[in-house]
Amino acid sequence: MLAWYDAHARDLPWRAAPGTNAPDPYRVWLSEIMLQQTTVAAVRPKFAAFVARWPSVEALAAAPEADLMAAWAGLGYYARARNLHACARTVAERGGFPDTEEGLRALPGVGAYTAAAIAAIAFGARAVVVDANVARVVARVFAISRPLPGAMPDLRDATDRITPDTRSGDFAQAMMDLGSSVCTPRAPHCLACPLAEDCAAYRSGDPEGFPIKLAKAAKPQRHGTIFWAEQEGRVLLVRRPPRGLLGGMRALPTGPWADTPPALADPPFAAAWQMLPETVSHTFTHFRLELALAVARVDGHGPIGEWWSVTEMDSAGLPTVFAKAATAIRRARW
DNA sequence: TAACCGTGGCT
DNA sequence: TAGCCAAGGTT
């Protein structure tokens with residue numbers, strides 16, 4: 001795997017250039033948080049923007065929370081952004097990142113995978129790194145037939161047995177690159193795989209059949225209303241509660257979610273609300289949401305709040321569902 | 001343990 | 001196109 005990595009490693013901006021010293025722990029940590037359940041393609045531009053604006057963990061720790069949340073908008077899983085800020089402050093306070101897996105694991109937003117990855121990649125420690133790529137590769141090489149996620153202990157044990165004592169960070173990244181480019185979820189390229197001869201799933205003739213996953217639950221449909229209050233080219237934005245769905249993010253006002261389409265539930269304030277004919281649909285991790293759109297023009301006596309210029313909506317840092325709604329409303333004639 | 005928590009790329 | 005999937009963590 002290390003030989004394969006030396007020849008085929010992806011060129012990623014958070015990796016140290018070949019032949020240089022270990023990469024900056026700040027960049028490794030930031031990339032690992034961004035990459036949680038998120039594709040490399042989505043992370044690339046966000047990572048570049050973050051390191052350009054906040055070149056060090058001290059700079060990130062000193063940033064206003066609202067700036068960080070807005071910069072994260074669009075990446076999803078916003079608890080990561082809240083934890084990112086808390087973690088930056090902790091690290092800046094203690095004068096640098098912990099260099100052990102145990103120390104890293106205690107940081108907010110850093111779980112078993114991320115602690116192992118940072119320890120191995122940034123600090124050269126031997127650590128057993130199991131992400132979704134490694135899990136898939138290992139499940140195939142050993143033809144582990146127990147379904148995920150119950151098989152995770154087996155996968156970790158198997159990964160431990162094949163992790164080298166030196167260059168374990170490169171080994172982990174090699175496994176991730178292999179899983180990303182060769183040992184893919186569907187139609188794996190076994191003829192290009194350095195592990196094919198050692199792979200039980202390949203010998204079985206059905207590599208794609210591993211790992212086995214349990215069927216996912218269907219997503220329920222929910223309904224709600226988004227409120228667009230406009231005053232002299234500005235629209236009223238709110239800050240969502242600090243936890244829960246889209247927690248801490250700037251947003252358009254909404255009513256509650258329900259199982260049936262709303263009439264006109266809980267507008268943020270009294271106004272001549274008008275329902276638009278179109279709706280906006282959005283799918284979250286565990287439910288689908290269809291949103292009715294309520295609009296109103298208000299005079300100079302609108303509520304106190306953050307009135308954001310309509311022509312500068314892109315810089316508001318709205319989560320995707322609100323950006324979608326804003327686009328639909330701005331296109332509508334009303 | 002299992003529910004909760006986003007989004008965009010890919011097929 | 002609708003579903004699958006991703007460098008998971010927290011409660």
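The sequence lines fix the lettering, A, B, ..., with proteins before strands; numbering per chain opens at 1. For the numbers below, each heavy atom of this structure counts, side chains included, while hydrogens, waters and symmetry mates do not.
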Student: I'd like the C1' distance from B/dT1 over to C/dG9, given in whole Å.
Tutor: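 One C1' to the other, the span is 15 Å.
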Student: How many Å lie between CZ on A/R186 and C1' on C/dA2, as a whole number?
Tutor: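 Going from CZ in A/R186 over to C1' in C/dA2 covers 11 Å.
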Student: Check whether any side-chain N or O of A/R288 sits under 4.0 Å from OP1 or OP2 of C/dG3, and answer yes or no.
Tutor: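 Answer is yes, contact under 4.0 Å.
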Student: Between C1' on B/dC5 and CZ on A/R222, what's the gap in Å once rounded to a whole number?
Tutor: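 That distance rounds to 12 Å.
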Student: Using 30° and 60° as the class limits, which term best fits the ring planes of A/F50 and A/W72: parallel, tilted or perpendicular?
Tutor: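 Perpendicular: the ring planes of A/F50 and A/W72 meet at over 60°.
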Student: Rounded to whole angstrom units, what separation is found between the CZ atom of A/R80 and the P atom of B/dT7?
Tutor: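 One finds 10 Å between P of B/dT7 and CZ of A/R80, rounded.
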Student: When rounded to the nearest 0.5 angstrom, what distance separates CE in A/M249 from CZ in A/R240?
Tutor: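 So the CE of A/M249 and the CZ of A/R240 are separated by 10.0 Å.
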Student: Heavy atoms under 4.0 Å is the rule here; annotate nucleotides 6-11 of chain C 5' to 3' with B where the base is hit, S where only the sugar-phosphate is, and - elsewhere.
Tutor: BBBSS-
Student: Centroid-to-centroid, A/F284 to A/H286, below 6.0 Å?
Tutor: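 No, the ring centres sit 6.0 Å or more apart.
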Student: Can you tell me if the side-chain N/O atoms of A/H282 get under 4.0 Å from OP1 or OP2 in B/dT7?
Tutor: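 Yes, within the criterion.
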Student: Quickly work out the A/W72 CH2 to B/dC5 C1' distance and round it to whole Å.
Tutor: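 Whole-Å distance recorded here is 13 Å.
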Student: For the residue pair A/E290 and A/T279, confirm or rule out a side-chain donor-acceptor distance under 3.5 Å.
Tutor: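 Looking only at side-chain atoms, A/T279 and A/E290 do form a donor-acceptor pair, the distance falling under 3.5 Å.
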Student: Base, sugar-phosphate alone, or nothing: which one does A/L245 contact when heavy atoms must sit under 4.0 Å apart?
Tutor: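 If one applies the 4.0 Å heavy-atom cut-off, A/L245 turns out to touch the sugar-phosphate alone, with no base involved.
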Student: What is the distance, to the nearest angstrom, from the NZ atom on A/K216 to the P atom on C/dA2?
Tutor: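 Rounded to whole Å, this separation is 17 Å.
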Student: Taking the P atom in each of B/dC5 and C/dC5, what is the distance between them to the nearest angstrom?
Tutor: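 Those two atoms are separated by 22 Å.
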Student: Tell me: CZ of A/F47 to C1' of B/dG8, nearest whole Å?
Tutor: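 In whole Å, B/dG8 C1' and A/F47 CZ are 20 Å from each other.
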Student: Pick base, sugar-phosphate or nothing for A/L246, based on heavy-atom distances below 4.0 Å to the nucleic acid.
Tutor: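 Since only primed, P, OP1 and OP2 atoms lie under 4.0 Å of A/L246, the category is sugar-phosphate.
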Student: NZ of A/K219 versus C1' of C/dG3: gap in Å, rounded?
Tutor: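 My rounded result for the distance is 9 Å.
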Student: If the cut-off is 4.0 Å, is A/H286 near the phosphate of B/dC5, judged by side-chain N/O to OP1 or OP2?
Tutor: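 Looking at the OP1 and OP2 atoms of B/dC5, one of them is under 4.0 Å from a side-chain N or O of A/H286.
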Student: Is A/D198 salt-bridged to A/R203, going by a charged N under 4.0 Å from an acidic O?
Tutor: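 No salt bridge links A/D198 with A/R203.
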Student: Given the P atoms of B/dA2 and C/dA7, what is the spacing between them in whole Å?
Tutor: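 It works out to 24 Å between them.
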Student: Between A/L148 (CG) and B/dA2 (C1'), how many Å, whole number?
Tutor: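 Going from A/L148 (CG) to B/dA2 (C1'), I get 16 Å.
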Student: Going by an N to O cut-off under 4.0 Å, is there a salt bridge joining A/R15 and A/D177?
Tutor: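 Judged by the 4.0 Å cut-off on N to carboxylate O distance, A/R15 and A/D177 do form a salt bridge.
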Student: Determine whether a donor-acceptor pair (N or O, by modelled atom type, separation under 3.5 Å) exists between the side chain of A/K324 and the backbone of A/S281.
Tutor: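 Yes, A/K324 side chain to A/S281 backbone: donor-acceptor pair under 3.5 Å.
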